[in-house]
Amino acid sequence: MRQASVVIGSNYGDEGKGLTAYNAVRNCGTTCLNILINGGPQRGHTVETADGRRHVFQHFGSGCAAGAVTYADAAFMINPTVFCREREELAADFPGACLRTIIHPACRVTLPYDMILNQIIEEARGVHRHGSCGLGIFETRKRYETADQALRWGDLIRLDYSAFAGYCRKIASEYVPERIAQAGFTCPDEWKEILRSEGLIEHAWVDIRKMIADTELSAGWKETAAEYAYFVFEAGQGLALDEGKIDRDPHLTPSHTTSYESARRIAELGDVRTEILYVTRTYLTRHGAGPFPTECPVSDISPCIMDRTNVPNPFQQTLRYGRFDGDEVRGRIFSDLEATRRSLPGVRAGIVITHLNETGNKLFGEMTLSELIRGFDRVGYSDTPYTVEWVG
């Protein structure tokens, strides 16, 4: 029987999903497809090894470092510029990593205009910023609500340069000004020349042609999946940022971070033994703006916390830290699990607890580890950046 693991962030992201996906692939012992099921390359899933190799995965599945093939599913947003840069970096960071990448033709494509829009609007919000990472994820989704300026990957790759340039010029001259005005701002003068630049179009074209050469177009989910015995669905962000939590709008991510879409894909394949792996640190973190009830100084948690992935940036600023709210975390997890079991009865649930070494092998909060793990079929513990040790 084929098997699937669904890796889900339990909180606001940055829980250790890259570590979990990588270890799942490394230990599976068979051919593996690593599916990027939501979001886009704003994800930053880190894999480190004891021999010093390290990479922050954006456009590739974390399991490709252990030999898995990457599959960008229909809901994943692709960014050719990010892809081309990361492919070169990954080959250097992890020699021998599997670079084979298959892309669903319905994937939305982030262009430089989406990233520019994202940065213009977020900077203009000032103290009211939403907490965007500046990679144009929300703006990509927004543009794809305008049908005549939103070609999916399978259609975009069929354009010649003349048609592509016309497509870009229309976005720059019509869509971008309308979108900025809709947001209630004006385009800064320093961006106007860049938006009109033919060089911007040429660079985007080069990246798209290179990405076409370095990837494969999926003939369909079931057709692609037929080659594999094991699937790792690697979700981006975390359950607390799901776009369906409208009471917390706008400080959310523009995608569904739950296990539902993964379960739907698995159900299409028939009989697949499935486990959902919910990942959490021993404390909470949040990147960007938004409510964070248990926020506290990082020094209150541990003097040895050093996060090399979540470095400060001008859009999300500095990673925030908070006490572990066990009731809230368990509530999110079991609500997600209950919903998924409606479409995948019998699915098993595991929990992976990371960063144990930073808090003395306990949670930084009122709940104990034994209370947190109650009700799970399997428990993974990680007290190093390299491994997960399983119980059950």
Side-chain angles (χ1 to χ4, degrees), residues 8-20 39 42-48 54 56 119 122-123 125-135 236-242 245 247-253 257 278-333 351-373 380-386 388:
I8 298 291
S10 302
N11 307 310
Y12 299 95
D14 303 302
E15 299 96 347
K17 295 182 291 294
L19 164 73
T20 303
Q42 87 275 35
R43 62 175 62 206
H45 294 184
T46 306
V47 174
E48 296 184 53
R54 182 178 185 275
V56 180
Q119 294 174 28
E122 188 72 348
E123 287 175 349
R125 289 182 177 125
V127 296
H128 302 294
R129 65 180 59 223
H130 292 175
S132 167
C133 62
L135 284 176
Q237 297 76 57
L239 292 175
L241 295 176
D242 183 79
K245 293 183 176 295
D247 59 315
R248 300 185 182 184
D249 185 68
H251 305 293
L252 302 170
T253 194
T257 61
Y278 295 97
V279 191
T280 181
R281 295 194 190 203
T282 53
Y283 49 90
L284 299 183
T285 62
R286 176 159 195 167
H287 226 150
F292 194 7
T294 66
E295 187 169 10
C296 66
V298 63
S299 57
D300 287 359
I301 301 173
S302 171
C304 63
I305 293 177
M306 184 182 69
D307 197 316
R308 296 170 59 196
T309 299
N310 295 290
V311 295
N313 69 64
F315 300 102
Q316 286 188 313
Q317 300 180 327
T318 303
L319 187 66
R320 301 156 65 191
Y321 295 84
R323 298 177 65 83
F324 192 89
D325 186 332
D327 291 333
E328 184 175 334
V329 174
R330 281 180 57 87
R332 280 195 291 267
I333 290 173
I351 187 168
V352 179
I353 306 164
T354 65
H355 296 75
L356 281 158
N357 55 303
E358 295 174 343
T359 55
N361 292 304
K362 60 184 180 182
L363 302 177
F364 183 71
E366 301 302 319
M367 182 171 282
T368 65
L369 279 174
S370 60
E371 290 172 319
L372 174 63
I373 67 176
Y381 295 103
S382 177
D383 58 4
T384 75
Y386 320 123
V388 177

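Quantities reported herein were computed from a predicted structural model and do not represent experimental measurements.
Using a 4.5 Å heavy-atom threshold, the side chains of Leu363 and Glu371 count as separate. Considering only heavy atoms from C-beta on, Tyr381 comes within 4.5 Å of Ile373 through its side chain. Between Asn357 and Thr384, every side-chain heavy-atom pair lies at or beyond the 4.5 Å cut-off. Arg330 has its side chain within reach of Leu372: a pair of non-hydrogen atoms, C-beta onward, lies under 4.5 Å apart.
In this structure, CD1 on Ile351 lies 13.0 Å from CD1 on Ile8, to the nearest 0.5 angstrom. Taking CZ from Arg332 and OG1 from Thr257, the interatomic distance works out to 9.5 Å, rounded to the nearest 0.5 Å. Once rounded to the nearest 0.5 Å, the distance linking CG of Leu135 with CZ of Arg43 reads 12.5 Å. For the atom pair OG (Ser302) and OH (Tyr283), the distance works out to 7.5 Å, reported to the nearest 0.5 Å.
Of all heavy-atom pairs between Tyr12 and Arg286, the closest is CE2-NH1, 3.2 Å. Minimum heavy-atom separation, Phe292 to Gly322: CZ-N, 3.5 Å. Taking all atoms of both residues into account, the shortest heavy-atom contact from Glu48 to Tyr386 is O-CD2, 3.6 Å. Nearest heavy atoms, Gln237 versus Lys17: O-NZ, 3.0 Å. Asn361 approaches Leu369 most closely through the heavy-atom pair O-CD1, 3.3 Å. The heavy-atom pair separating Phe324 from Arg281 by the smallest distance is CE1-O, 3.4 Å.
Around the CG atom of Asp327, the shell of radius 6.0 Å holds no more than 12 heavy atoms that belong to other residues, nucleotides or ligands.
Side-chain N/O atoms of Asn11 and Thr280 include a donor and acceptor closer than 3.5 Å.
No side-chain donor-acceptor contact under 3.5 Å links Glu358 to the backbone of Leu356. In this structure, the side chain of Ser382 does not engage the main chain of Val388 through any donor-acceptor pair within 3.5 Å.
Separation of the Phe364 and Tyr321 ring centroids does not fall under the 6.0 Å cut-off.
Residues forming a salt bridge (Lys or Arg N to Asp or Glu O under 4.0 Å) with Glu366 (at least two apart in sequence, or on another chain): Arg323.
Tested against Asp14, the residues Leu284, Thr285, Thr46, Thr354 include a single side-chain contact (heavy atoms from CB on, under 4.5 Å) partner, Thr285.
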Handout entry: Steps toward side-chain contact (heavy atoms from CB on, under 4.5 Å) verdict (Glu328, Thr294)
Key = CA-CA 11 Å; Glu328 184 175 334; Thr294 66; 5.9 Å; no

